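The structure presented is a predicted model; accordingly, all values stated were derived computationally and were not measured.
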Amino acid sequence: MGVLYLVSLLLGITCMLLLDHRFRLFFWRDAKAAAIVTAVGVLFLLAWDLAGIGLGIFLRGEGAIATGLLIAPELPIEEPVFLLFLVLCTMVLYTGARRLLGSSTATRTAKQRERENA
């Protein structure tokens, strides 16, 4: 039971990547840019967490579903995995919404070309 949260996070990451693969939204659209955005996002949020821990704002709560493994004081192993899930989820939702709303530059230029050729 102590790994339920970590397994759930990994399952969520897998689902986000499957959605990404199916619709070519983030990593499967531009892997290099996606890797940079993901790394910067996770590192920023991890720095934010460490600052909060250092100031005594963020404290680790005890939970039966967590592993209890710490990578730093008050920083459980699940936290960077959660931050990875958060960044992936945000970017897949953002790129998906952008595609659905038709606000991408590629869509606009394709529509403009169609009008010009007609």
Margin query: Are Trp28 and Phe23 connected into the same hydrophobic cluster when the rule is that any two of I, L, V, M, F, W, Y join if their side-chain heavy atoms are below 4.5 Å apart?
Written below: yes

Check: How many angstroms lie between CG in Leu93 and CE in Met91, if you round to the nearest 0.5 Å?
Finding: 10.0 Å

Next item on the list: Locate the shortest heavy-atom distance separating Leu86 from Thr90; write the atom from each residue and the value.
Entry: O-OG1, 2.7 Å

Check: Val40: which other cluster members, linking ILVMFWY side chains closer than 4.5 Å, directly or transitively?
Finding: Ile36

Under 3.5 Å donor-acceptor pairs involving side-chain atoms of residues 4-21, not counting sequence neighbours:
unit_1 : atom_1 : unit_2 : atom_2 : d
Ser8   : OG     : Leu4   : O      : 2.8
Thr14  : OG1    : Leu10  : O      : 2.8
Asp20  : OD1    : Leu25  : N      : 3.0
Asp20  : OD1    : Phe26  : N      : 2.6
Asp20  : OD1    : Phe27  : N      : 3.4
Asp20  : OD2    : Phe27  : N      : 2.7

Note to self: Restricting to non-hydrogen atoms, name the atom on Arg24 and the atom on Arg99 that form the minimum distance, rounded to 0.1 Å.
What the structure shows: O-NH2, 3.0 Å

In a table with atom names and distances, give each donor-acceptor pair under 3.5 Å that connects a side chain of residues 70-84 to protein atoms at least two apart or in another chain.
unit_1 : atom_1 : unit_2 : atom_2 : d
Glu74  : OE1    : Arg60  : N      : 2.6
Glu78  : OE2    : Thr67  : N      : 2.7
Glu78  : OE2    : Thr67  : OG1    : 2.9

Just distance, no hydrogens or angles: give the donor-acceptor pairs under 3.5 Å from side chains in residues 42-58, sequence neighbours left out.
none

